[in-house]
Student: 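Just dropping this structure here.
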Amino acid sequence: MKLGQKQEYFAKSLSRLLDHAINDLGYGVRLRELMRSKEQAEIYAREGKGVKNSVHRHCLAIDLYLTKDGELQWDGTPYRQLGVFWEGLSSPELEHCWGGDFKRRDVYHYSIKHNGVM
């Protein structure tokens with residue numbers, strides 16, 4: 001699958017995730033960092049906060065912050081609910097990845113695998 005096709009698939013999957021978070025679970029959602037520059041990815045990699053070839057660089061990942069009554073939710077529990085839903089959207093061609101399952105846990109991260117990177 002070409003990168004543009006993956007980006008369109010990611011957008012479609014993201015709309016389903018947002019609908020689930022907002023309408024089914026009742027959370028507010030704040031979107032952050034869909035696109036990450038090469039330079040920023042390198043900075044994060046040096047600081048141990050990410051990888052140089054991040055899928056954010058290809059618009060195949062996003063960080064979502066949930067709110068309840070306007071208050072940011074920092075506990076991982078609501079993010080786990082979304083992570084399970086997100087990973088359930090995986091198709092044979094594309095693996096949906098949730099950062100809560102990563103070695104360096106990142107519960108706010110939702111992506112699809114691209115060139116072996118999550």
Side-chain angles (χ1 to χ4, degrees):
M1 186 179 284
K2 293 181 181 181
L3 179 58
Q5 292 169 306
K6 283 185 178 183
Q7 290 168 333
E8 290 174 13
Y9 178 81
F10 180 72
K12 183 178 178 179
S13 296
L14 181 59
S15 71
R16 292 180 65 193
L17 182 68
L18 293 172
D19 181 65
H20 181 64
I22 295 164
N23 296 315
D24 297 337
L25 301 178
Y27 289 102
V29 179
R30 298 181 187 181
L31 308 176
R32 185 157 181 233
E33 205 160 15
L34 169 65
M35 173 60 185
R36 183 179 295 166
S37 70
K38 177 182 178 186
E39 295 77 20
Q40 189 62 52
E42 290 172 353
I43 290 168
Y44 285 166
R46 279 194 305 272
E47 294 174 349
K49 298 178 184 176
V51 295
K52 287 170 68 169
N53 57 342
S54 168
V55 287
H56 284 278
R57 290 189 51 215
H58 304 289
C59 297
L60 295 174
I62 194 163
D63 296 331
L64 302 178
Y65 292 86
L66 302 177
T67 64
K68 196 62 132 177
D69 301 321
E71 296 292 322
L72 280 168
Q73 302 297 295
W74 297 108
D75 175 39
T77 303
Y79 296 96
R80 168 136 317 270
Q81 291 175 302
L82 280 187
V84 168
F85 180 85
W86 180 250
E87 290 174 338
L89 296 176
S90 290
S91 71
E93 288 184 356
L94 294 170
E95 181 181 348
H96 289 68
C97 306
W98 174 56
D101 291 333
F102 293 175
K103 185 177 181 180
R104 187 188 59 78
R105 200 165 170 256
D106 182 3
V107 297
Y108 317 107
H109 176 95
Y110 302 83
S111 63
I112 57 174
K113 194 179 227 179
H114 178 66
N115 294 336
V117 179
M118 298 183 252

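Hydrogens, waters and symmetry mates are skipped; everything else that's a heavy atom, side chains included, is used.
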Student: First locate atom OG of Ser13, then atom CG of Leu94, and finally report the distance between them rounded to the nearest 0.5 Å.
Tutor: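 Answer rounded to 0.5 Å: 8.0 Å.
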Student: Determine, stepwise, if the pair Arg36 / Glu33 fulfils salt bridge (charged side-chain N to carboxylate O under 4.0 Å, His left out).
Tutor: CA-CA 6 Å; Arg36 183 179 295 166; Glu33 205 160 15; 2.8 Å; yes
Student: Quick one: pull up CG in Leu25 and CG in Leu66 and give me the separation to the nearest 0.5 Å.
Tutor: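 Answer for the CG-CG pair, Leu25 versus Leu66, is 8.5 Å.
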Student: Just how far is it from atom CG of Leu82 to atom CG of Leu17, taken to the nearest 0.5 Å?
Tutor: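 Spacing of CG (Leu82) from CG (Leu17) equals 5.0 Å.
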Student: State, to 0.1 Å, how close Gln40 and Ser37 come at their nearest heavy-atom pair, and which atoms those are.
Tutor: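 That would be N-OG, 3.0 Å.
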Student: Count the heavy atoms of every other residue, nucleotide or ligand shown that sit under 6.0 Å from CD of Glu47, and state whether that count exceeds 12.
Tutor: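 Count over threshold, so yes.
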Student: Yes or no on side-chain contact (heavy atoms from CB on, under 4.5 Å) for Ser111 and Leu60, after CA distance, side-chain angles and deciding distance?
Tutor: CA-CA 6 Å; Ser111 63; Leu60 295 174; 5.7 Å; no
Student: Does the Glu71 side chain pair with the main chain of Lys68, one donor and one acceptor, at a distance under 3.5 Å?
Tutor: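 No, the answer is negative, given that no donor and acceptor are paired below the 3.5 Å cut-off.
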Student: I'd like to check Tyr79 versus Tyr27 (side-chain heavy atoms, cut-off strictly below 4.5 Å). Are they in contact?
Tutor: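 Side chain of Tyr79 against side chain of Tyr27, heavy atoms only: no contact under 4.5 Å found.
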Student: Centre-to-centre under 6.0 Å for Phe85 and His96, is that the case here?
Tutor: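 No, the ring of Phe85 stays outside the 6.0 Å limit from the ring of His96, centre to centre.
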Student: Quick check: closest heavy atoms across Gly100 and Arg80, and the distance to 0.1 Å?
Tutor: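 Shortest heavy-atom contact: O-NH2, 4.3 Å.
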Student: To the nearest 0.5 Å, what is the distance between OG1 on Thr67 and CG on Leu72?
Tutor: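 So the gap between those two atoms works out to 6.5 Å.
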Student: Does a sphere of radius 6.0 Å around NZ in Lys49 hold more than 12 heavy atoms from other residues, nucleotides or ligands, not counting ones at 6.0 Å or beyond?
Tutor: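 No.
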Student: With distance as the sole test, does Ser15 use its side chain to make a donor-acceptor pair with the main-chain N or O of Lys12 at under 3.5 Å?
Tutor: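 Confirmed, Ser15 side chain pairs with Lys12 backbone.
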Student: Do His56 and His109 have side chains that get closer than 4.5 Å, going by heavy atoms?
Tutor: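 Of all side-chain heavy-atom pairs linking His109 with His56, at least one is under 4.5 Å.
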Student: Is there side-chain contact between Asn115 and Asn53, with heavy atoms separated by less than 4.5 Å?
Tutor: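 No; the side chains remain at least 4.5 Å from each other.
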Student: Using a 4.5 Å cut-off on heavy atoms from C-beta on, say whether the side chain of Val55 contacts that of Lys113.
Tutor: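 They are not in side-chain contact.
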Student: Using the side-chain contact (heavy atoms from CB on, under 4.5 Å) rule, take Cys97 and Tyr110 through it: C-alpha gap first, then chi angles, then the decisive distance, then the call.
Tutor: CA-CA 6 Å; Cys97 306; Tyr110 302 83; over 6 Å; no
Student: If hydrophobic clusters are built from ILVMFWY residues whose side chains come within less than 4.5 Å, do Val84 and Ile22 share one?
Tutor: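 Different clusters.
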Student: If Ile, Leu, Val, Met, Phe, Trp and Tyr residues are connected whenever their side-chain heavy atoms lie under 4.5 Å apart, and connections chain through other members, are Val29 and Leu34 in the same group?
Tutor: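 Val29 clusters together with Leu34.
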Student: Any chance you could measure Glu95, atom CD, to Leu89, atom CG, to the nearest 0.5 Å?
Tutor: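 That separation rounds to 12.5 Å.
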Student: Is the gap between the ring centers of Trp86 and Phe10 under 6.0 Å?
Tutor: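 Ring centroids of Trp86 and Phe10 are less than 6.0 Å from each other.
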Student: Would you indicate whether the side-chain heavy atoms of Leu31 and Leu64 approach each other to under 4.5 Å?
Tutor: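 The answer is yes, as the side chains (C-beta and beyond) meet within the 4.5 Å cut-off.
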Student: Going from OH on Tyr65 to CG on Asp63, what distance comes out if it is rounded to the nearest 0.5 angstrom?
Tutor: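 These two atoms lie 5.0 Å from each other.
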Student: Using salt bridge (charged side-chain N to carboxylate O under 4.0 Å, His left out), reason through Asp24 and Arg16 one step at a time and then give a plain yes or no.
Tutor: CA-CA 11 Å; Asp24 297 337; Arg16 292 180 65 193; over 6 Å; no
Student: Using the rule given for side-chain contact (heavy atoms from CB on, under 4.5 Å), can you reason through Arg57 versus Lys38, listing the C-alpha separation, both sets of side-chain angles and the distance that settles it, and then say yes or no?
Tutor: CA-CA 7 Å; Arg57 290 189 51 215; Lys38 177 182 178 186; 3.7 Å; yes
Student: Do Ile62 and Arg32 pass the side-chain contact (heavy atoms from CB on, under 4.5 Å) test, and can you show the C-alpha distance, the side-chain angles, and the key distance before you say yes or no?
Tutor: CA-CA 6 Å; Ile62 194 163; Arg32 185 157 181 233; over 6 Å; no
Student: If you count every heavy atom of other residues, nucleotides or ligands that lies below 6.0 Å from Arg104 atom CZ, does the total exceed 12?
Tutor: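 More than 12 heavy atoms, drawn from other residues, nucleotides or ligands, come within 6.0 Å of this atom.
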Student: Kindly work out whether a path of hydrophobic side-chain contacts (I/L/V/M/F/W/Y, heavy atoms less than 4.5 Å apart) joins Leu14 to Leu3.
Tutor: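 Linked, Leu14 and Leu3 end up in one cluster.
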